[in-house]
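Comments concern the structure below.
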Amino acid sequence: MRRALFLLPVAIFGIMALLFVKGLTMDPKTIPSVLIDRPVPEMALAALPGRGETSGLATNDLKGRVSLVNIYGSWCIACVQEHPYLLEYKKTGLVAIHGIDWRDDPALGAAWLKKHGDPYERVGVDPAPGRAAVDFGVTGAPESFIVDKAGIIRYKHIGPISPEVWTKTLLPIIRELDKK
Amino acid sequence: MIAEIGHFALVLALCVALVQAVVPLMGANRGWASWMAVAGPASSLQFLFIAVAFGALTNAYVTSDFSVMNVAQNSHTEKPMLYKVAGVWGNHEGSLLLWITILALFGFAVTLFGRNLPPGLKSRALSVQAMISVGFLAFILLTSNPFARLEPPPMDGNGLNPMLQDPGLAFHPPMLYLGYVGFSMAFSFAIAALLEGRVDAAWARWVRPWTLAAWIFLTGGIILGSWWAYYTLGWGGWWYWDPVENASFMPWLAGTALLHSAVVVEKRDALKSWTILLAIVAFGFSLLGTFLVRSGVLTSVHAFATDPARGVFVLLLLCLAVGGSFTLYAMRAPAMKMGGLFSPISREGALLLNNVLMATGAATVLLGTLYPLIADALNLGKVSVGPPFFNAVFLPLMAPMVVVMAVGPMMAWKRGDLAGVLGRLKFAAAIALGGAMLVWFLQGGSAGPWWTGIGFALALWLGLGTLLDLAERIRLFQAPGEALGRAARLPRSSWGMVLAHLGVAVFIVGLTASSAWTTERIQSQKIGETVTVGGFGITLTGVHEVPGPNYTASRASFDISKDGSVIDVMQPEKRTYRMPPRPTTTAAIRSGLLGDLYVVIGDADPKGGYVTRLYFNPCIPWLWAGGALLVIGGLISLGDRRHRIGAPAQAATRRVAA
């Protein structure tokens, strides 16, 4: 009996550990707005200054072709990191790359593209509080969404795109969706 | 280049830690002195390497080297130097580096001060310490490298969260970590004792000062955090039972219990296996806190950017460290020799009761903290457990503890005289009762909450009981002439106890009054308009833009008047930081013995006024004073001759020499 008492701590801890294992597989915030397999939310974002009045991003612009919607901002450090790759992938012509300048001063967003290069066909501005991006289920920048020809979100990548992510994950999905 | 040196130093530290984890332990088991002797130089070398790594990261922050990703994500050239340095630990990777630096520092301290420790105990403990090091160094190197480079480097960094750009918070994490990691000392020595199968007074004499030091830092860290929350968050509160606050409070409770039970081990050679268990639990709670903050299993305002891989890694560490030690405990502790017997009515008995209540308190906090996770895991839906639960369950457990706190120190060891002690305390009981009735009368009976009387009675009982105990020890009433001399000769640990217990009494006053009688006015206030709060007239006289080093502030001016004449001007600010662009509030606080006038300025409203929040928070300074008394009591006690590290052995040598 006395021995059993000494086993109590490890037993209690064992139960806690099981709970934590389960806990790690769940997300306490469970942001339900990860709109995978749902249509792109209704939006009509204004164009970035200096890119032409009609170069904004609206829901209908994302239909007809497989497209990649990239969330960026001039304040975002990791965006600098992924940007050269986007420029490279633009050249391949495999996918239409669009941008959303999120929680940003549009003038700064435009200057940033001038400085780092502009891989986007269309860019919509979504200044603070960034309502359109929230509808998209954005949790931070950079973040990229793959949208199929029917305008349905098929994949979400959180964080900067690296060549590894591109070849292993994004490109196969894009190719697959392109066939349909 | 310097970043690479830092990275490389971490790898070297890992190699040294691996050697230190294995060689001295094997040496201790086989009785090979030369293998045991590896522990000393290894712990020094490990500390050196980790210090180099910490220095390298600090250098990257101070020089704003944005090619280091960690610096780019958390710093900014415009930031004042204090926050550049504080930025080192204001993020996941850097704070882990601080954690491990402190761990290595403690290991080094064992080598430095532990010359008189039995070699077997010392080398085993240092091996255990190194095992913890191995786990955390691997964690840093595999999942959270603070020295990762960024290509191409950005022109400027993302900046530190403005909320963290505050002197109170710059020192809050290092203090907390000194506390958390300080408990690793008691932990390592507890595991070493289990491996040796022996706990004695010498063990307790070594563990006590270190536990006390860790406890002082943890107490200071928690109080500093509460104070920061109070003046920056702008809602007049100071404790929210947030999971991360609880994560610091649970080790504090376990550590406080450990502090008291270690006394019993040292003085009476009893409660040994319980003390060992507490040592494991205190550090286990520290590790649990690390897991909760960094894994993302619970939502909290404090959570670091989370990553499932990190969560798995910390969970693994937690299971190895805590699961492993509890298993060792189950195997070895039953065989440990029982020490001196005591009757339930004795100082030991009172300390044990205090321990049981503390442990139960920690368990309820644990349950409340984990309950959202339990409910989620069992598909009972998403719940959040807030202050009502904790206040309803935790506080009633603490009330009997406070009652015992006044009785315990007056009790004799081994067999006490409860009736006699209570007889000596009847004066305190009468005043406490009278005080409760007075408080009840002053708040207008049931116009205030029912528990204010209880709170004040407990505070008076504890405060007077502690002072009576002190008076008896120095024979103030029997021989007043000699009292001063006796007071000077009283051991510092007794003074420490008296001050710390008085601190609790003072804290209870602040807690009770501030929770019961806060007045709050939230309104749109036009320039020139006066609002009355807590007997003060508060007039908004203007709002101006003021530039700061890396922010602009709207600073409001309020004239504070009492009985028609202006006595003070208060200037709260609402700051907008440039990088990252985020607003923060800085409350203006006018502290007095009776309470704080607390003024917050909000946004301008379309009708030409400003949203202002005005509070009168009674007795808030008593909370900080109580916390300060706890820390001062701890420090004085730490200065006790008997607590000086290695002192007993030195005294013995001196005697031989004489």
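These figures come from a predicted structure and were not determined experimentally. Lettering follows sequence order; numbering is per chain, from 1.
Screening Tyr89(A), Tyr72(A), Trp112(A) against Tyr120(A) for a ring-ring contact (aromatic ring centres under 6.0 Å, His included) leaves a single residue, Tyr72(A).
Residues satisfying the ring-ring contact (aromatic ring centres under 6.0 Å, His included) test with Phe283(B), not counting sequence neighbours, are Phe187(B). Remark: Ala150(A) pairs with Asp148(A), Ile152(A) by the side-chain contact (heavy atoms from CB on, under 4.5 Å) rule, at least two apart or across chains.
Between chain A and the residues Ala72(B), Ala333(B), Gly324(B), Ser325(B), the most heavy-atom pairs under 4.5 angstrom are made by Ala333(B).
Ring centroids of Tyr85(A) and Trp166(A) are separated by 6.0 Å or more, keeping the two rings apart.
For Ile280(B), no part sits under 4.5 Å from any heavy atom of chain A, backbone or side chain. Of the two parts of Ile374(B), the backbone and the side chain both hold a non-hydrogen atom closer than 4.5 Å to a non-hydrogen atom of chain A. Heavy-atom distances place the side chain of Pro154(B), and not its backbone, under 4.5 Å from chain A.
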